[in-house]
Structure formats: structure tokens, C-alpha cells
Amino acid sequence: MTQLNKEQQTAVRHQDGPMLVIAGPGSGKTAVLTEHIRYLITEADVRPEQILALTFSKKAAGDMQRRFLKNTGQCSTGVTFGTFHSVFYGVLRQYNSQTLRIVTVSEQITMMKDLIRRKEQKIIDSEGAMYILNKISLYKNTGSLPFLPAMTREDFLWITREYDRRMENAGCIDYEDMILKALQILKNQPLILTGLQDRFLHILTDEFQDCNTAQYDLLNLLAGKRANLFAVGDDDQSIYGFRGAGGDVMQRLLADHRDCKIVYLRRNYRCPASVIDLADRFARGNQNRLEKPKQLPSKRRGEGSVVIMKNKDAYAEAVSVYKEIVRLLGNGECLKNDIAILYRSEQCADYLTEYLAGQDLVCVRSAKNSFYAMPGVQEALAYLSLSQGQYTRTAFYTVLNHPNRNLVRECIGDEKVLPGQMLCYYEGDQRATQALNKLFSDLKYIRDLPPFAALHYIFRGIGLGQDYDPDVLLPKLCARAKPYSTIRDFLQHVREEKIPEEQQGKNKQIKDGITLQTVHASKGLEYDTVFVIGLQEGLFPSARACTVKETEEERRLMYVAMTRARNRLYLCARGCEDIGKRYSPFIAELER
């Protein structure tokens, strides 16, 4: 406790009633949360099983639990650490009459493509399908119809109803309904609600600004009249508006609980003074935010540096970023794994990734954001892998019905995958046997082709089905494959780029590798040196930010990107009036 500053200690010692802890970047919020749990148990005589600690990712919940166990010297605890979805899915499994399976993203995309094709008579790619799915998520979480410039209100509602009907018929549930159905149970069954209220006397929520309306309602219901809510967050870091989250949930908490105490964690132990000053001034450009005191730098941090680099296009940007990284590494100013390159969306980094790879500069991208993890790309890679004799059950599962061959997974077997065994399963079924023989023939044909030629055959010759448009994915995939003469070499490149997600943990960067990731993926992480690239009009802020609310979220996203830096921050602007490209409007603000 003595290692905490005054504001942190005030938060930790809170006992009864609601408290809002406004914790800016690098302010030690995890330490406050874990110390508060310890305080409740050791000083306030609260039993561990009466404490519920919620956050928004499995990794964050695990980190919090490990930190608590380490600080208390315990090997186990009765405290419930979990995500909103894991905890309330548990409620559904216990109290819902119907067994529900969690739908996969791939299934959602396929379903949405089919619905759009039926309703609007047009084909959309996976990105377009995800855009509509995110809008449905937003509608479910907020109850407000989202802005959809290319779709009528009636069509959107029809698609939403059809999506829900198909989900129900399939016995599936998505992450939004996981929360909404749990909320419905607690509202309609008071005995279940009372039981949970008596079980969890104290509720702690990390990243509170990421709560949507339904999640906030669940928290309020569960807290009951005691209202022992300990909410930690920062509305300036609310970047999940597409899920229905918003920093205004903090304002709602203060309005609903007039007795709510507030503590501001002002000390920033991560960023240098130059970054804090610029980021704080930039964040104040938003109107819909809580007024709060400016963060103060830790005495352990120096002034640091902020550099604005201007380039005319993506190529010039890649060259200038590369040269600066080489200079930093050559001077011994930082290590590769202390450098991160952040961007608004994957398209901002495509050229830079290939350029740096060509310069033998090792880069790693978060697996969950990798181009190679996209639907359609995964299926093509599975074909390549199988063509090299790498007969894994996962790869066969992936390609079996892409395109649709009307084959069942059971034909693959439980042990080693053997083509002969698969054919035996369909003995006497001429249609299935022909489909399998054609699959094995295709794999043999592409085995010795150059990777870009093999990909052309997979998309144009075999085809992945009507859900995947070859004109969208094939050019991007072939551009990555062309430098490699064999399929094996290309697959090795893919394996090196697809670093397992568990290795992307907080403060556990990849050894000897520069991190490339979206700003969303960087949330909660920190690096000595940060490059924010693609600061071009229409890219960052996104061209899809059409409303004031969406534009303010883009500002918060930029704020998050800036505050990942422990020492150096580079803001890379792109723009050339001659070709109709302008710098991001954020640059003009940051230069004032």
C-alpha cells in the first residue's frame, strides 16, 4: 500500500457504495484494482467469494487474477475473475432452458452474405458483411438505429430480424445476445437476481468506459440497493463505439448514483512530458467528455520527444520510417522489440509491411489482426498446406466444403488423416467419392506450382464458393506470395508473420521483432518508441466517421495510439495535393 500514491490509496481504501476511478493512460489502474480486492478481504472482512471482478477480455481477466495472487502470495482464491461474456454466459447455461452454441465469426459472415444477397440482390465481401454485423451489434447494444448511408431503415430491420431468426433456428447465440438474454433472465426472474445479488456483494469493473447500455444495466441490476460498484476507466480511451460502448456510461453512472465518489489517478508512469502535454491537449478537442485534471508525468520519465514526419504517399512513408528505425537501432537508442508501428486499419500497413520485409527488417503482426487470419485467406492457405502433404484435420476441416461438396466432417476420422480412409467412409456413394477424388487431384496439381500460380488456381479453378470474391482477396494474397518461388517458402513466411496471440501479451513483446498492429489491438500495451502511420484524410480519421459521435471516437483512438509511447512518438502524415490526397486533419491540430 505504501508504494501507491495518495490518489491510488484513496481508491483502494473505498468500502461501501459506488466509486468511479478515472484512470488515464499509465496511471496504475491494475495495481489499484488488485490492491482494492486485497483490502476488501484483509481489512473490510469481505469474503473472497463475495467479490466479482469483471473486464472485457480473457487475457485481461487472467492478468488481473495472476497479479492478485502474486501480490497476496496465494496459490488460489475464491474471487471470481472473468469477462462479461464468460460470467453471464455461465448464468445462461445455468438458468436458460435451451442449450445455446456460440456462433463463429465465419458462420456469421456467411449468414450475412446470404441475407444481403437475398434482400438487396448483391454480393458483398467479408469486410462488408462484418460492417453490417457490427451495425446490428450496435443496434442491439444501444437500441438506437445506426447510420447506414447505403441501406434503408426497413431493409436493415428486416436483415436484423432474419439474422436473429436464423440464429434461433440453428440454436446459436452471438456475443450481443449472450448479454441481452442474461439481462432478460435477471429482469424477469427475481429469485435468480436476488441469489446473485447475495452472492456478489462487491463488483469491480475494469475498462468501465467500454460498457455498452446492456452491460451497464446488468451491473446495476447485480449491484442492487447496496450499489457496491467499483468502476475503473477513462472516457478518453473509449474506442469501441461499434460495439455500442461509450464514455458517456461514466456520466450515466454519476447521474444514476448521486452519492458516487470520484477519484482521479493523475500520475502517468508511462509517457514522457512531451507526449502527455500533446495528448492531453488533443483529447480536450472532444466536447462529450468528463472534465478532469491534466495528467502529470512521473519523475522517472524525462521529456521524451514527439516528431511529425510528413510524406507524400505510402511508399515515401515506408522509406522514411525504415530509415529512422535503422538510425535508432544503429545508435543503440532502442531495441527492435521496443518499437511499435500502429495504424487505424490493416490497409494502412500493407505497403509498409512488404517494404520492411524486403529490407530484412523482422516485423510481427498480431495474429488476430493479420491479413492471413481473414476468412477466404485461411481457406486458400489450407489448400496450400494440404498440397504439401501437411494433412492436418484442421486444414481438411477448413477446405472440405469450400466450395460446398456436401461432405461431412466425420469422413476425416479422429486420428491421422488418410485419403484412403476418407474414400472408404463414402464407399458406394459415387457423388461423394467423385468430389473427394477431385479434391485430391487438385491438391496434387498445385503441389509444384509457384505459390502465386497455385493461388490463382485455388480461387479461379477450384473456387472457394460464392461467399468469397476472388477479385477482392486474390490480388492482395498474390502480392504477398510473388517473392517466394515455392509454396513451402511462402507458408514459412506466413507462419513467421502469424505469431500466436498468447505471445502478444502485455509487456511481452516478440524477441527481436518490430510490432505492427492496429491501434485497437495496442490498447493496454506500451512501447519505448511508437510510430503512428497512415495519418491521411479518409484513413485516420476513417472516412466512415460521418457523425460527430463517430468523429470524437476517432480522436479517442488517436489519443490511445499516442499514449502507448514511453519515450519517442512519431506521427507519420501522408498527403499530396497534386494527387488529391491531404494530410489527416488531426495533423493541423497537433501542430498548433
Side-chain angles (χ1 to χ4, degrees), residues 11-21 32-56 58 60-62 64-65 68-69 72 74 76-100 173 175 177-208 210-233 249 252-261:
V12 165
R13 292 193 174 101
H14 176 74
Q15 289 191 27
D16 299 319
M19 169 166 273
L20 176 60
V21 181
V32 167
L33 281 161
T34 53
E35 278 296 304
H36 180 58
I37 295 171
R38 186 195 63 77
Y39 178 83
L40 289 175
I41 295 170
T42 60
E43 303 295 332
D45 296 325
V46 177
R47 297 200 309 274
E49 60 270 18
Q50 294 176 322
I51 301 173
L52 172 63
L54 291 168
T55 188
F56 286 85
K58 183 178 179 181
M64 194 189 304
Q65 183 174 22
F68 172 76
L69 294 174
T72 57
Q74 295 178 262
S76 62
T77 175
V79 178
T80 298
F81 293 91
T83 67
F84 274 86
H85 292 101
S86 67
V87 169
F88 291 107
Y89 184 51
V91 171
L92 275 183
R93 292 176 64 183
Q94 185 172 357
Y95 298 111
N96 194 65
S97 56
Q98 181 186 6
T99 301
L100 298 169
I173 189 171
Y175 282 96
D177 282 340
M178 202 179 290
I179 298 297
L180 292 171
K181 288 182 182 295
L183 182 60
Q184 191 175 36
I185 287 175
L186 297 192
K187 282 182 175 180
N188 297 335
Q189 301 190 45
L191 288 178
I192 295 175
L193 174 60
T194 301
L196 289 173
Q197 287 173 338
D198 290 341
R199 177 182 173 187
F200 297 121
L201 301 186
H202 289 265
I203 303 170
L204 293 77
T205 307
D206 190 15
E207 305 289 3
F208 182 64
D210 293 335
C211 283
N212 59 43
T213 300
Q215 289 163 338
Y216 176 77
D217 289 342
L218 268 177
L219 286 176
N220 256 342
L221 270 179
L222 209 53
K225 292 182 179 179
R226 297 187 191 92
N228 289 334
L229 277 173
F230 189 83
V232 181
V249 70
R252 187 177 169 190
L253 176 69
L254 297 176
D256 291 345
H257 299 276
R258 298 293 182 180
D259 60 337
C260 183
K261 296 181 173 61

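Along the sequence shown, residues carry numbers from 1. Bear in mind the structure is a predicted one, so any value in this text is a computation, not a measurement.
- Interatomic distance, His14 NE2 to Leu20 CG, rounded to the nearest 0.5 Å: 10.5 Å.
- Residues meeting the side-chain contact (heavy atoms from CB on, under 4.5 Å) test with Gln15, sequence neighbours left out: Tyr39, Ala44.
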Review point. Does the side chain to side chain contact (heavy atoms under 4.5 Å, CB included) test come out yes or no for Asp16 and His202, once each step is laid out?
Key: CA-CA 9 Å; Asp16 299 319; His202 289 265; 4.1 Å; yes

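- The salt bridge (charged side-chain N to carboxylate O under 4.0 Å, His left out) search around Asp206 returns Lys29, not counting sequence neighbours.
- Here Phe56 pairs with Phe84 under the ring-ring contact (aromatic ring centres under 6.0 Å, His included) rule; sequence neighbours left out.
- Of all heavy-atom pairs between Gly224 and Gln197, the closest is CA-NE2, 3.5 Å.
- Listed by chain and number, the residues in a salt bridge (charged side-chain N to carboxylate O under 4.0 Å, His left out) with Asp198 are Arg226 (sequence neighbours excluded).
- Take His36 and apply the ring-ring contact (aromatic ring centres under 6.0 Å, His included) test, not counting sequence neighbours, and it matches Phe230.
- The minimum heavy-atom distance linking Gly17 with Asn228 is given by the pair N-OD1, 2.8 Å.
- Residues Thr55 and Asp210 form no side-chain contact, since every pair of their non-hydrogen atoms from C-beta on lies 4.5 Å or further apart.
- A pairwise comparison of heavy atoms in Leu183 and Ala214 identifies CD2-O, 4.2 Å as the closest pair.
- Here the side chains of Leu222 and Leu52 are in contact, with some heavy-atom distance below 4.5 Å.
- For the atom pair Phe68 CZ and Ile51 CD1, the distance stands at 7.0 Å (nearest 0.5 Å).
- Applying the salt bridge (charged side-chain N to carboxylate O under 4.0 Å, His left out) test to every pair with at least one member in residues 177-186, sequence neighbours left out, gives these pairs: Lys140-Asp177.
- Between Leu219 and Leu253, every side-chain heavy-atom pair lies at or beyond the 4.5 Å cut-off.
- By the side-chain contact (heavy atoms from CB on, under 4.5 Å) test, Val249 is found to be paired with Phe208, Cys211, Tyr216, residues two or more places apart in sequence or in another chain being considered.
- In this view, Glu49 and Arg47 satisfy the salt bridge (charged side-chain N to carboxylate O under 4.0 Å, His left out) rule, not counting sequence neighbours.
- Residues passing the side chain to side chain donor-acceptor pair (under 3.5 Å) test with Thr213: none are found, sequence neighbours excluded.
- Every residue meeting the side-chain contact (heavy atoms from CB on, under 4.5 Å) condition with Ile192, not counting sequence neighbours, appears here in chain and number order: Tyr95, Ile185, Leu186, Gln189, Leu196.
- Asp259 is linked by a side-chain contact (heavy atoms from CB on, under 4.5 Å) to Pro18, His257, counting only residues two or more places apart in sequence or in another chain.
- Nearest heavy atom pair, residue Met64 against residue Thr34, reads O-CG2, 3.6 Å.
- Annotation: the span from Arg199 atom CZ to Thr80 atom OG1 amounts to 5.0 Å, rounded to 0.5 Å.
- Heavy atoms only, all atoms of each residue included: Leu193 and Leu221 are closest at CD1-O, 3.6 Å.
- With hydrogens and angles disregarded, no donor-acceptor distance shorter than 3.5 Å links the side chain of His85 to the backbone of Met178.
- For Asp256, the salt bridge (charged side-chain N to carboxylate O under 4.0 Å, His left out) test picks out Arg252, with sequence neighbours left out.
- How far CD1 of Ile41 is from CD of Gln50: 10.0 Å, rounded to the nearest 0.5 Å.
- A distance-only check finds no donor-acceptor pair linking the side chain of Gln94 to the backbone of Val91 [under 3.5 Å].
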